[in-house]
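Encoded as structure tokens, the structure appears first; notes follow it.
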Amino acid sequence: MNKQLVENILKKAKSAKIAVIGDFCLDVYWFVNEIASEKSLETGLSTLPIENQEYSLGGAGNIVHNLHTLGCKNLQAFGVIGNDVWGEKLLQKLNELNVNSEGMIIQEQGWDTPSYVKPYKDKNELNRIDFGNFNNLDTETLNCLLSLLEKKLQDQDIVIISQQIARSLFVDKFIEKLLKLINKFCDTLFIVDSRHNSDCFPCAILKLNDFTAEIMVGNKAHKGVDVNSANAIKTAKKLCNKLKKTIFITRGINGCILVDEGEIKEIPSIKTTGKIDTVGAGDSMLAGICIGLASGQNAYNSASLGTLTAAVSIQKLYQTGTVSPDELLKMAN
């Protein structure tokens, strides 16, 4: 994409009203330095001293973070967190970005803020520690969240629905009520990025990766194994015939496939050099797609912008990557 077009999009994105509904998570980075390690008196095991710690928004939170760093000023977050230290840190991070977090509901019991603690030793990630795998959404929380969505969604230009954790927030009843709101606010643009419920939102634009796309058409697929271009195109055609709507299929280093108005188009990835870190790259791409759409661009230009944002994000190591306007413009032609 040329710089002038990117500049125009970024300018219009500042005034866009965007809401993000979904699994808000916290990424926790603990950097171990064994110089200060000692034997525990209680267990006799060596301790893992943490020299530095960093916290960043993950899941739906990383989409919000990317939208903010790209210049969006009118952002609202809707999700559920627990009454715990991770939830406090997550809200703190949202508030630092001046995001409207009125829609972040705190469930007192039966819910841990989804958090992923990543210890690093000598730049290598050790076993991850996860919180939030056993959450149960209660009726009071569900109704409170739905009530807020009913009041707020009609004022948005784009609503992003981000599902990353199986069940959890996206139980059947929540999806059912959410579909009714999508149908009610038909003038609002909805885009869904879902790991487990991609086929549950017939009236929304869909963003998914090629692995999920293969599963949706009944093909066998394995995470971490590239889907070749020919098979990816066949799958895109099947989804086009089945869903008859706009679909963005991300393919990592292989770029993106766009299904739009019955046509299939390939958008190549942007070549980068050096090491890459793909954590959060899909969220960066989604943010780029959404500011393109919110700025009045067609699906192809929006996909191209998303590919550009992802190319910036993957070059940021040991962090959940985000993208600034300056970085995006430097990457543009």
Side-chain angles (χ1 to χ4, degrees), residues 17-30 53-68 72-118 128-156 159-182 192-197 280 283 320 322:
K17 297 178 181 177
I18 303 178
V20 181
I21 307 167
D23 294 317
F24 281 79
C25 309
L26 188 71
D27 286 328
V28 180
Y29 295 87
W30 287 347
Q53 51 187 307
E54 297 176 4
Y55 301 87
S56 59
L57 293 166
N62 190 41
I63 298 171
V64 169
H65 195 184
N66 271 274
L67 290 167
H68 171 80
C72 298
K73 305 296 184 183
N74 300 306
L75 300 172
Q76 293 199 46
F78 296 90
V80 179
I81 57 175
N83 184 16
D84 51 38
V85 65
W86 302 136
E88 291 177 7
K89 180 63 73 172
L90 195 155
L91 284 180
Q92 177 188 331
K93 289 293 181 182
L94 288 175
N95 291 335
E96 287 173 359
L97 303 179
N98 292 319
V99 173
N100 185 332
S101 57
E102 178 187 355
M104 296 299 298
I105 309 302
I106 299 174
Q107 181 170 308
E108 296 291 338
Q109 302 291 332
W111 195 279
D112 292 322
T113 302
S115 305
Y116 304 100
V117 181
K118 306 172 184 182
R128 198 179 71 193
I129 304 167
D130 294 356
F131 293 81
N133 299 77
F134 306 99
N135 287 342
N136 289 299
L137 188 69
D138 65 34
T139 301
E140 182 180 354
T141 301
L142 173 65
N143 291 337
C144 184
L145 181 57
L146 288 169
S147 177
L148 284 170
L149 291 172
E150 179 95 36
K151 295 174 183 177
K152 301 294 183 179
L153 292 191
Q154 61 183 337
D155 297 326
Q156 307 302 314
V159 176
I160 301 169
I161 299 171
S162 172
Q163 181 271 325
Q164 296 199 17
I165 305 171
R167 304 292 292 173
S168 197
L169 173 60
F170 287 85
V171 295
D172 292 343
K173 191 171 183 180
F174 181 63
I175 294 174
E176 176 189 337
K177 299 291 186 180
L178 200 51
L179 286 173
K180 290 181 179 180
L181 292 177
I182 292 173
V192 171
D193 184 4
S194 174
R195 288 189 181 180
H196 307 96
N197 305 108
D283 299 329
T320 309
T322 56

Counting distance only, does the side-chain N/O of [X] pair as donor-acceptor with the main-chain N or O of [Y] below 3.5 Å?
X	Y	value
Gln53	Trp30	no
Asp84	Thr113	yes
Gln107	Leu142	no
His65	Leu57	no
Asn66	Asp283	no

Exercise: identify the closest heavy-atom pair between Lys152 and Gln156: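 Smallest interatomic distance, heavy atoms only, reads O-NE2, 3.3 Å.
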Sidechain N-carboxylate O distance under 4.0 Å for Lys118, Asp27: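 A salt bridge links Lys118 with Asp27.
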Positive for side-chain contact (heavy atoms from CB on, under 4.5 Å) with Phe78, one of Leu149, Leu169, Ile161: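 It is Leu149; the other options fail the test.
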Pair Glu88, Gln92: side-chain N/O donor-acceptor within cut-off below 3.5 Å: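 There is no such pair between these side chains.
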Can you confirm whether [X] sits close enough to [Y] that some side-chain heavy atom of one is under 4.5 Å from a side-chain heavy atom of the other?
X	Y	result
Asn135	Val80	no
Leu94	Leu75	no
Leu181	Glu150	yes

Neighbour count above 12 (heavy atom, 6.0 Å) for Glu176 CD: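 More than 12 heavy atoms, drawn from other residues, nucleotides or ligands, come within 6.0 Å of this atom.
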